[in-house]
Protein chains: 2
Amino acid sequence: MRTVDPVKHAEKKRHITDTAAGLFATKGFDRTTVADICQAAGISTGSLFHYFPTKRAIFREIFEQDSADNEAMFAQARELSPWDGVLLVVDRLSEPALDRALAGLVVEIVAQASRDPELWELAARNERVVRDELAVLFQRAHDAGQIALSVSATTAASWTQGLVDGLYGRLVDPEFDAPEQVVTLRLILSRFVGAEAR
Amino acid sequence: MRTVDPVKHAEKKRHITDTAAGLFATKGFDRTTVADICQAAGISTGSLFHYFPTKRAIFREIFEQDSADNEAMFAQARELSPWDGVLLVVDRLSEPALDRALAGLVVEIVAQASRDPELWELAARNERVVRDELAVLFQRAHDAGQIALSVSATTAASWTQGLVDGLYGRLVDPEFDAPEQVVTLRLILSRFVGAEAR
DNA sequence: GTCTATACGCCGATAGAC
DNA sequence: GTCTATCGGCGTATAGAC
């Protein structure tokens, strides 16, 4: 008989990571102090370090949560025609760029991953998984005659990710109009892979 | 008669910013200490603060140097045909992505700019200048019949920047082949704006 | 102009009572 | 499990001699 309730434990950790994620997104990892997180979460530092060994471990957990939803996304995409599946994935990957808070978190993840080898490895693996799943969809769409690839399916997949990355850069434009940008993104992608423009 | 030699002064500042830029690129701004910069530059903290009022001012100066070369780039582009001019600009904008150290600096600039309103404003202005100059080239290429735009020249220009941004994300791929990626980038852009594929 | 020395505050993490 | 109290160290920036 365990003395700890694993459900409660997980819920508490989740509360901490959710709180911390908001702070990391707005202030950045290095400028967010443990005291900030504790205050925002309504706990003490002693308690926080009961759940996480280091501040960095909190960040890592946020990143892992963030990349855990891919499988569900692709499962959903596989229920559609291949090309519609691609478009669904593009929409989903674009979502964080359209939300200021989430975009800030993504910026921070990139910045941290570019310094921390362990985080870099996690990010690279995640990127590869998405790319390879996307490549399968592209290949099927090609075989089904929905598109006409002139590059490898993997290249098409990788640059689909690149286009989504490019979406973040458009945020600097004060006249940024999210829905319109996503439409343009689809147009560029459609022409790239020889799909009918919609 | 001045007692300070403005040339020496500028050279010394440049030495400090060059040294600091390398450290910011590899360690990030927040994890680079003033002591780090002083040690690498071979000076004392007292001396450093004689040239810059704060650590952040060093970063800002690096950013300003970085965005000062645009005018020369577009002057060069204007000597070519409009579409060749676009391709030249794309190559130049892509260069930092192909160099690990410079890419690290760009990541850091994005991360810092997303928190610091003053830096954000500088970045946005710089982005707009490049976009507008690019838009002129796109419009001329269109009018000259080199391309067939189906979106506004400004949208084409903005997404050209987006594609270059997307290039940075491709760095996570350990099999990243820089020249090949730039070729693909050109292909995507060419199809987007209705240019003949090369 | 450049140095050494140091002020002064804050940070991540720990100790130990309850 | 949660708290309070606190440690040891480091960070930016300044003071003031040379």
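Worth knowing before you read on, the calculation uses all heavy atoms, side chains too, and leaves out hydrogens, waters and symmetry mates. The sequence lines fix the lettering, A, B, ..., with proteins before strands; numbering per chain opens at 1. Please read all numbers here as calculations on a predicted model, not as lab measurements.
The distance between atom CD of A/Gln39 and atom P of D/dT4, rounded to the nearest whole Å, is 12 Å. Taking atom CD1 on A/Ile43 and atom P on C/dG12, their separation rounds to 14 Å, with Å as the unit. Spacing between atom NE2 of B/His15 and atom C1' of C/dG1 amounts to 15 Å, rounded to whole angstrom units. Across the protein-nucleic acid pair, B/Ile37 atom CD1 and D/dC10 atom P stand 18 Å apart, rounded to whole Å. Atom NZ in A/Lys27 sits about 12 Å away from atom C1' in C/dC11, given to the nearest Å. Between the P atom of D/dG11 and the CZ atom of A/Arg31 lies a distance of 14 Å, rounded to the nearest Å. Summarising the geometry, the separation between CZ on A/Phe52 and C1' on C/dT14 is reported as 18 Å, rounded to the nearest angstrom. Atom CG of A/Asp30 is separated from atom P of D/dC10 by 17 Å (rounded to the nearest Å).
Comparing A/Gly46 and A/Val34 against DNA chain C, the residue whose closest nucleotide sits nearer the 5' end is A/Val34.
Within the 4.0 angstrom heavy-atom criterion, only backbone atoms of the sugar-phosphate kind lie near B/Tyr51; the bases stay farther away. As judged by a 4.0 angstrom heavy-atom cut-off over every strand, B/Thr33 is placed among residues touching the sugar-phosphate backbone only. Heavy atoms of B/Thr54 sit under 4.0 angstrom from primed sugar atoms or phosphate atoms, though from no base atom.
Candidate nucleotides D/dC3, C/dT4, C/dT14 were compared by shortest atom distance to the side chain of A/Ser44, and D/dC3 ranks first. Closest to the side chain of A/His50, out of D/dT12, C/dG1, D/dG1, is D/dG1.
In terms of phosphate contacts, B/Lys12 brings a side-chain nitrogen or oxygen within less than 4.0 Å of OP1 or OP2 of C/dT2. Between A/His9 and D/dG1 there is a side-chain polar atom (N or O) within less than 4.0 angstrom of OP1 or OP2. For the pair A/Ser47 and D/dG1, the criterion of a side-chain N or O lying under 4.0 Å from OP1 or OP2 is not met.
A salt bridge does not link B/Asp36 with B/Arg31: every distance from a Lys NZ or Arg NE/NH1/NH2 to an Asp or Glu carboxylate oxygen is 4.0 Å or more. Between A/Arg78 and A/Glu71 a salt bridge is recorded (basic side-chain N to carboxylate O distance below 4.0 Å).
With values rounded to the nearest 0.5 angstrom, A/Thr19 atom OG1 is found 10.5 Å from A/Arg14 atom CZ.
Each side-chain hydrogen bond (donor to acceptor under 3.5 Å, both in side chains) pair with one or both residues in residues 166-178 of chain B, not counting sequence neighbours, appears once here: A/Glu127-B/Arg170, A/Arg131-B/Asp173, A/Asp165-B/Arg170.
Contacts of A/Phe24 classified as ring-ring contact (aromatic ring centres under 6.0 Å, His included), with partners at least two apart in sequence or in another chain: A/Phe29, A/Phe59.
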